[in-house]
Amino acid sequence: MKYIVKLTFVLCVFTSLIACAQLKVEVPRTHIAYQVKEEISIDGLANEDAWQNVPWSENFIDIEGVKNPLYKTNVKMLWDEHYYYILAKIEEPHVWANLKQRDTIIFYNNDFEVFIDPDGDSHNYFEIEVNALNTVWELFVAKPYRESGEQILNDWNITGLKTAVHVDGTLNNPNDTDNGWTVEIAIPWKTFRKTYFENNVPRDKFWRVNFSRVNWDYDLVNGKYDRKKGVNEKYLPEYNWVWSSMGVINMHEPEKWGYVYFSTKKVGEKDKFSIPDDEKIKWKLFELYRNQKAYYHNNKKFSTSLDEVGFSNITIKNSNIKLIMDNHSTGFNISAKSPFTGKMIVIKEDGKLLVK
């Protein structure tokens, strides 16, 4: 199954690689998740006061950021010392699903998807997909699909994951009109530990996160819902609606995901968050990385000149930052020293970020 998924995204990436290099991507969205003290029951109903007292996100946008989706999608977030809580409200006049086996390709149904990169290095990230039957697919992705080699743990399950779905209508009934469905998720922080005893609860820290909703046109086949086919008997393309725009039809570019800040302020209090300036340096490094990949695609080698693939200096908040590229036998490193934190930020030829 993972080979089918991988092929889909690889074809997308390589057929649009050069265009992606020049594409201007919008500033990622941000959201503050507040700390909750009351117990959250994962039942899909979200009746707790905490859920009622935190705001919904902005409406989801088409994945390329150019169209408004046909139906609305919004999320809320909370956290405590044990779990990261996510609530999704999905407007849908025909709620249907037929995939019941865990770790099957859930996006062949309409689904809701979560993407999480805790340290923001664009590698070793997590994906969760849920359909209206509450069937779950979890994946651990070592590298984005744009990089070669086998990188996906498909048969991996999150110990302690809690999910629930509530349908506001009737599931799999084509004879009426539904309002939609909600998904409630609790992900244990220990899921993201790199070592057994790591205290990785992100108090007053941000993680890179995005959410996606896959939606299909449908037909009724023998009275049951199925994905709609075109005149060539192939399934019509799905719609991809996301929280933070990707600019391309590919969720697997983690550097474009949104920013979720886990505030230690309690539900009902107010906090502020702005994207740190070091992140803006990283965005420019990724621009050069994409340009280098496009250059390699055309020339079968990496450029040895930053100016040839873009620029060798950047200016952020009136600070001029010199970039350095080191070429080696298997690729390159591009580095910048942050004038804001003094940290050295490096991007490698496989798109992994290092911060020293």
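Throughout, residue positions are numbered sequentially from 1 according to the sequence presented.
- With values rounded to the nearest 0.5 angstrom, Ser212 atom OG is found 5.0 Å from Met251 atom CE.
- One side chain, Asp278 or Thr341, offers a donor N or O that lies under 3.5 Å from an acceptor on the other.
- In summary, the aromatic rings of Phe302 and Phe332 are positioned with their centroids under 6.0 Å apart.
- Taken from CG in Leu323 to OG in Ser312, the straight-line distance is 7.0 Å, to the nearest 0.5 Å.
- For the pair Thr182 (side chain) and Gly44 (backbone), a donor-acceptor distance under 3.5 Å is present.
- Cluster annotation: Val260 is not connected to Leu353 through the hydrophobic network of ILVMFWY side chains, with a link wherever side-chain heavy atoms come within less than 4.5 Å.
- Residues that satisfy the ring-ring contact (aromatic ring centres under 6.0 Å, His included) test with Phe112, not counting sequence neighbours, are Phe211.
- Cluster membership check: Val136 shares its hydrophobic cluster with Tyr84, using side-chain heavy-atom separations under 4.5 Å among Ile, Leu, Val, Met, Phe, Trp and Tyr.
- For the pair Lys284 and Phe311, the cation-pi test (distance below 6.0 Å, angle within 45°) is passed.
- The number of heavy-atom neighbours closer than 6.0 Å to CZ of Phe273, taken from other residues, nucleotides and ligands shown, is above 12.
- Checking Asp217 against Tyr239 by side-chain atom types alone, a donor-acceptor pair falls below 3.5 Å.
- Asn131 and Asn110 share no donor-acceptor pair across their side chains, judged by distance under 3.5 Å alone.
- For Tyr83 and Trp189, the gap between ring centers reaches or exceeds 6.0 Å.
- Annotation: Phe126 is in aromatic contact with Phe192 [ring centroid separation under 6.0 Å].
- In this structure, Ser338 OG and Ile316 CD1 are separated by 8.0 Å, a value rounded to the nearest 0.5 Å.
- Aromatic ring orientation, Tyr225 versus Tyr218: perpendicular (interplanar angle above 60°, classes split at 30° and 60°).
- Looking at Asp103 and Asn154, their side chains never bring a donor and an acceptor atom within 3.5 Å of each other.
- Under the 4.5 Å side-chain heavy-atom criterion for grouping Ile, Leu, Val, Met, Phe, Trp and Tyr, Val214 is not connected to Leu236 through any hydrophobic cluster.
- If you look at Tyr125 and Trp207, their ring centroids are not closer than 6.0 Å.
- A ring-centre distance under 6.0 Å is not found for Tyr108 and Trp137.
- Between Tyr34 and Phe262, the distance from one ring center to the other does not fall under 6.0 angstrom.
- Between Glu255 and Arg146 a salt bridge is recorded (basic side-chain N to carboxylate O distance below 4.0 Å).
- No continuous path of hydrophobic side-chain contacts links Val167 to Trp96 [ILVMFWY only; heavy atoms under 4.5 Å].
- Heavy-atom contacts from other residues, nucleotides or ligands closer than 6.0 Å to CD of Glu39 number 12 or fewer.
- A salt bridge is absent between Glu91 and Arg213: the closest approach of a Lys/Arg side-chain nitrogen to an acidic carboxylate oxygen does not fall below 4.0 angstrom.
- Atom-to-atom distance recorded for Asp178:CG and Leu171:CG is 8.0 Å, nearest 0.5 angstrom.
- Within the model, atoms CG of Asn333 and CD1 of Ile324 stand 11.5 Å from one another, a figure rounded to the nearest 0.5 Å.
- A salt bridge between Lys317 and Asp277 is present, with a side-chain N of the basic residue lying under 4.0 Å from a carboxylate O of the acidic one.
- In summary, the side chains of Thr304 and Asn327 do not present any donor paired with an acceptor at a separation below 3.5 Å, with no hydrogens or angles considered.
- For the atom pair CD1 (Ile106) and CD (Gln101), the distance works out to 9.0 Å, reported to the nearest 0.5 Å.
- A donor and an acceptor atom, one from each side chain of Trp243 and Glu58, are located under 3.5 Å apart.
- Annotation for Lys228: atom NZ does not count as buried by contact number, only 12 or fewer foreign heavy atoms lying within 6.0 Å.
- With sequence neighbours left out, Lys143 forms a salt bridge (charged side-chain N to carboxylate O under 4.0 Å, His left out) with Asp350.
- The backbone N or O of Glu147 lies less than 3.5 Å from a partner atom in the side chain of Gln151, making a donor-acceptor pair.
- A salt bridge is defined here as a Lys NZ or Arg NE, NH1 or NH2 lying under 4.0 Å from an Asp or Glu carboxylate O, and Lys293 with Glu349 fails to meet this definition.
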Phe115 and Trp257: CA distance, side-chain angles, deciding distance, ring pair (Phe, Tyr, Trp, His ring centres under 6.0 Å) verdict = CA-CA 8 Å; Phe115 298 83; Trp257 295 350; 5.6 Å; yes
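- Using a cutoff of 4.0 Å between basic side-chain nitrogens and carboxylate oxygens, Glu184 and Lys76 are not scored as salt-bridged.
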request  = Could you please spell out the steps behind the side chain to side chain contact (heavy atoms under 4.5 Å, CB included) verdict for Ile185 and Leu161?
outcome  = CA-CA 8 Å; Ile185 302 174; Leu161 176 70; 4.0 Å; yes
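- Residues Val346 and Leu285 fall into different hydrophobic clusters, defined by Ile, Leu, Val, Met, Phe, Trp and Tyr side chains chained together at heavy-atom separations under 4.5 Å.
- For Asn232, the CG atom sits in a packed shell: over 12 heavy atoms of surrounding residues, nucleotides or ligands are nearer than 6.0 Å.
- Glu253 and Lys256 are joined by a salt bridge, as a carboxylate oxygen and a charged side-chain nitrogen come within less than 4.0 angstrom of each other.
- Remark: the His31 side chain and the Tyr261 side chain contain no N/O donor-acceptor pair separated by less than 3.5 Å.
- Using modelled atom types and a 3.5 Å distance limit, the side chains of Tyr145 and Asn250 yield no donor-acceptor pair.
- For the pair Arg208 and Tyr259, the distance from NZ or CZ to the six-membered ring centre is under 6.0 Å and the angle to the ring normal is within 45 degrees.
- Under the 6.0 Å cut-off for aromatic ring centres, Trp241 and Trp216 do not qualify, their centroids lying 6.0 Å or more apart.
- Using a 3.5 Å distance cut-off with no hydrogens or angles, the side chains of Asn210 and Glu113 do not pair a donor with an acceptor.
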query = Could you walk me through whether Glu138 and Arg102 pass the salt bridge (Lys or Arg N to Asp or Glu O under 4.0 Å) check?
reply = CA-CA 9 Å; Glu138 309 107 308; Arg102 188 168 185 148; 2.4 Å; yes
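- Other residues, nucleotides and ligands contribute only 12 or fewer heavy atoms inside 6.0 Å of the NZ atom of Lys72.
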